[in-house]
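Positions are given from 1, in the same order as the sequence printed here. Below, each value reflects all heavy atoms present in this structure, side chains not excepted, and no hydrogens, waters or symmetry copies. Ligands are counted one by one from 1 in listed order, and the atoms in each one are counted from 1 as well.
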Amino acid sequence: MKLYDYFRSSAAYRVRIGLNLKGLGYESIPVHLVRDGGEQLQPAYRAINPSALVPALQDDGVTLTQSLAILEYLDEVHPLAPLLPRDALGRARVRALALMIGCDIHPINNLRVLRYLVNQAGLSEDAKNAWYTHWVQEGFAALEAQLADSAELGRFCHGDSPTIADCFLVPQVFNAVRFNIDMTPYPIIVRIDAALRELPAFAAAHPSVQADATP
Ligand SMILES: N[C@@H](CCC(=O)N[C@@H](CS)C(=O)NCC(=O)O)C(=O)O
């Protein structure tokens, strides 16, 4: 498998975690999101993913996009080390937690949105950072409440085995810390993130240890 990847991309980080949890080898093909105005915007990459976003995963000559769809595909094709619970209610809960991050926080704080706010909408750097912080705080407050409100909460988001929700959580916390967001209002998120990062599959997916990592 080939993963079109970028060390700091939280969406690619989700897929790296999933691949590692399943013990699946892959070739990482870096797509630098900043250099030369962004390699994701160049025709060569748009031919792979017309959305001009990473990740994309190629398996058996077919290209898959969207981290959630990729993780669910991996889980279906490689059922060992399941990333979703067996029961329908559990699966709905895990998907909801993942989507609270993947739909409600991440897309409005994505690189292209932040660039638009500064370059087209004329926001200052301070206003852009305030936007970023606001939507992370809104999203994490909701996530913290939703996690606290379930008997399914365990060592991780859902019980004591990592799920797709955990694949989404760790990269989003990484982003928040990178943007200096105070995490003290979210003790459950902080606890789960710390426990997950001790797992080898999560540690090996961390941006700092990727081949394309730069300071
Ligand atoms: N919903 C997509 C999001 C993918 C995405 O937004 N990727 C970001 C990196 S985390 C990206 O490629 N950004 C490039 C840009 O904004 O130009 C997924 O889950 O795969």
Q: Measure the distances from the heavy atoms of Ser10 to every atom of ligand 1 and state whether one is below 4.0 angstrom.
A: yes
Q: Which is it for Arg115 and ligand 1 at heavy atoms under 4.0 Å: side chain, backbone, both or neither?
A: neither
Q: Would you mind listing which atoms of ligand 1 come within a distance below 4.0 Å of any non-hydrogen atom of Arg112?
A: 15 (C), 16 (O), 17 (O)
Q: In the protein, which heavy atom is nearest to atom 11 (C) of ligand 1, and how far is it?
A: Leu53 CD2, 3.5 Å
Q: Between Phe174 and His206, does the ring centroid distance fall short of 6.0 Å?
A: yes
Q: Show which atoms of ligand 1 fall inside a sub-4.0 Å distance from at least one heavy-atom site of Leu111.
A: 15 (C), 16 (O)
Q: Is there a donor-acceptor contact under 3.5 Å linking the side chains of Arg93 and His158?
A: yes
Q: With backbone taken as N, CA, C and O and side chain as the heavy atoms from C-beta onward, which portion of Leu33 lies under 4.0 Å from ligand 1: side chain, backbone, both, or neither?
A: side chain
Q: Please state which option from Gln66, His106, Gln40 has its nearest heavy atom closest to atom 15 (C) of ligand 1.
A: Gln40
Q: Of Ile181, Asn109, Asn180, which is the lone residue that meets side chain to side chain contact (heavy atoms under 4.5 Å, CB included) with Thr133?
A: Ile181
Q: Provide the number and element of each atom of ligand 1 under 4.0 Å from a heavy atom of Pro55.
A: 20 (O)
Q: Do Ser124 and Asp126 have a side chain donor and acceptor closer than 3.5 Å?
A: no
Q: Less than 4.0 angstrom from a charged side-chain N to a carboxylate O is my criterion; do Asp87 and Arg91 meet it?
A: no
Q: Before signing off on this row, confirm whether Val54 and ligand 1 have an N or O atom pair separated by under 3.5 Å.
A: yes
Q: Against heavy atoms of Arg14, which atoms of ligand 1 measure under 4.0 Å?
A: 19 (O)
Q: Scan Ile70, Leu68, Ile101 and name whichever one has a side chain to side chain contact (heavy atoms under 4.5 Å, CB included) with Arg14.
A: Ile101
Q: Between Lys2 and Asp59 (salt bridge meaning N to carboxylate O under 4.0 Å), is one present in this structure?
A: no
Q: Which residue and atom name correspond to the protein heavy atom nearest atom 6 (O) of ligand 1, and how close is it?
A: Asn110 ND2, 2.7 Å
Q: Check each atom of ligand 1 against the heavy atoms of Ser9 and keep those under 4.0 Å away; list them by number with element.
A: 9 (C), 10 (S)
Q: Considering Gly37, Gly38, Ser67, which one's heavy-atom position lies nearest to atom 19 (O) of ligand 1?
A: Ser67
Q: Does a side chain donor of either Asp5 or Ser28 reach within less than 3.5 Å of an acceptor in the other side chain?
A: yes
Q: Using distance alone, with no hydrogens and no angle criterion, decide if Asp104 and Trp135 have a side-chain donor and acceptor under 3.5 Å apart.
A: no
